[in-house]
Amino acid sequence: MSHDLPVSTITDHTQLKQESPSQNVIVQLLKLYYKDGWVSGTGGGISIRKNGFVYMAPSGVHKECIDPEEIFVLDEEGKIVYDPSKRESKLPVRPVKLSACSPLFTLCYKHRNAGAVMHSHHMSTLLATLIFPEKEFKITHVEMIKGIRGHGYHSTLVVPIIDNVAEECDLKDSMEEAVLAYPNTYAVLVRRHGVYIWGKDWLECKTHSEVYHYLFDAAVKMKQLGFDPSTY
Ligand SMILES: CSC[C@@H](O)[C@@H](O)C(=O)COP(=O)(O)O
Ligand SMILES: [Zn+2]
């Protein structure tokens, strides 16, 4: 099977369907995530794994301004099978390199069978790591917790927090440790940096992303109001 071909007729995230080409899904979700403040200043990103291929946005570019043809395609072993910098085009081609998040996305595919992984720098993700100075973010008795697979209103939702390092790719070992140690989590927070969130496919990753961001935001506000998010 060959990898998805981008379909340029998709111009808005509301046109996305489960089976839309992964390049189009990535491009449209990044526009949406930019508006939400999740991928500003070129930071953050998203990757999709489908039918034996892995799709990833390029590194260090404005994530809301990516063309579907600029999405890298890798095989399941991590070998690049489509390099956007080498494509043939009548228009000028800007040089792009693979996202620095690639090893982090890859470990979620390997250990959690994820179908999509996103990385956000939203302010609430950074603040959530400050209100929990230990190694876990915890929140309980909030209706939206039900939106994370395997969790209910009465659950205590736990998200591991790992320490930030100077280079994104050097987060690999500590993130791998956290992913293996917390089999019920679909997110790992990175202190003073952001979060990685995944799901079984891009739709579940989108749901989880919205729910986790809501819960990080809620926890920060609860703390400001004098409530402890981890108790009821
Ligand atoms: C504001 S730049 C932040 C980056 O260094 C990094 O944290 C990041 O999330 C982006 O990685 P990228 O290589 O652009 O996909
Ligand atoms: Zn980052």
Side-chain angles (χ1 to χ4, degrees), residues 6 22-49 53-74 78-80 82-86 93-110 114 116-130 137 159-179 185-199 202 205-206 208-210 212-213 216-217:
S22 303
Q23 291 95 328
N24 292 93
V25 177
I26 289 175
V27 164
Q28 294 306 327
L29 289 183
L30 286 172
K31 290 186 197 307
L32 197 59
Y33 293 173
Y34 176 75
K35 281 196 202 130
D36 290 334
W38 296 1
V39 295
S40 56
T42 79
I46 183 170
S47 170
I48 292 175
R49 175 185 177 220
F53 292 100
V54 169
Y55 302 81
M56 264 181 222
S59 178
V61 296
H62 291 106
K63 298 294 193 319
E64 74 283 14
C65 308
I66 294 169
D67 190 274
E69 291 187 358
E70 292 185 303
I71 303 296
F72 281 85
V73 187
L74 294 82
K79 182 172 165 275
I80 296 173
Y82 170 78
D83 182 339
S85 292
K86 296 181 182 152
V93 172
R94 63 173 167 172
V96 285
K97 57 186 174 72
L98 191 62
S99 171
C101 306
S102 172
L104 295 318
F105 293 148
T106 303
L107 72 88
C108 298
Y109 295 139
K110 180 178 163 196
V117 192
M118 66 88 68
H119 174 45
S120 163
H121 282 189
H122 189 250
M123 185 67 72
S124 67
T125 67
L126 181 153
L127 295 176
T129 69
L130 297 182
F137 167 96
V159 181
I161 304 173
I162 59 171
D163 286 329
N164 198 31
V165 290
E167 300 296 334
E168 194 100 19
C169 57
D170 294 332
L171 290 168
K172 184 179 172 280
D173 289 351
S174 55
M175 179 151 154
E176 191 157 36
E177 210 175 291
V179 160
T185 193
Y186 293 89
V188 173
L189 281 159
V190 186
R191 197 167 323 271
R192 294 173 174 265
H193 178 158
V195 68
Y196 283 84
I197 301 172
W198 61 92
W202 73 263
C205 180
K206 184 173 184 294
H208 282 171
S209 302
E210 290 162 8
Y212 276 118
H213 280 81
F216 297 144
D217 211 16

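As the structure lists them, so they are numbered: ligands from 1, and atoms in each ligand from 1.
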Can you check whether [Y]'s main-chain N or O pairs, donor with acceptor, with [X]'s side chain at less than 3.5 Å?
X    : Y    : answer
S102 : S99  : no
Y82  : Y55  : no
H119 : V195 : yes
K31  : E64  : yes
T129 : V190 : no

Between Y109 and S47, do the side chains contain an N or O donor and an N or O acceptor separated by less than 3.5 Å? yes
Test side-chain contact (heavy atoms from CB on, under 4.5 Å) on I197 and H213; report intermediate values, then the result. CA-CA 10 Å; I197 301 172; H213 280 81; 3.9 Å; yes
May I ask you to list the atoms of ligand 1 that are less than 4.0 angstrom from any heavy atom of [X]?
X    : value
S99  : 12 (P), 13 (O), 15 (O)
K63  : 12 (P), 14 (O), 15 (O)
H119 : 9 (O)
G41  : 1 (C)
T42  : 2 (S), 14 (O)

Check whether any N or O atom of [X], backbone or side chain, sits under 3.5 Å from an N or O atom of ligand 1, and answer yes or no.
X    : result
G44  : yes
L98  : no
A100 : yes

Quick one: are E168 and L104 in side-chain contact, heavy atoms under 4.5 Å? yes
Specify the protein heavy atom at minimum distance from [atom]: its residue, its atom name, and the distance to 0.1 Å.
atom                    : answer
atom 4 (C) of ligand 1  : E168 OE1, 4.0 Å
atom 11 (O) of ligand 1 : C101 SG, 3.9 Å
atom 13 (O) of ligand 1 : S59 OG, 2.6 Å

The Zn ion (ligand 2) as vertex, arms to OE1 of E168 and NE2 of H193: angle to 10°? 90°
Out of H121, H193, K97, the nearest non-hydrogen contact to atom 3 (C) of ligand 1 is supplied by H121
Report whether any nitrogen, oxygen or sulfur of H121 sits less than 2.8 Å from the Zn ion (ligand 2) (N, O or S, backbone or side chain). yes
From the N, O or S atoms in H119, identify the one nearest to the Zn ion (ligand 2). NE2
What class does the angle between the rings of Y33 and W38 fall in, given that below 30° is parallel, 30 to 60° is tilted and above 60° is perpendicular? tilted
Look at the aromatic rings of F216 and Y212 and report parallel, tilted or perpendicular, splitting at 30° and 60°. parallel
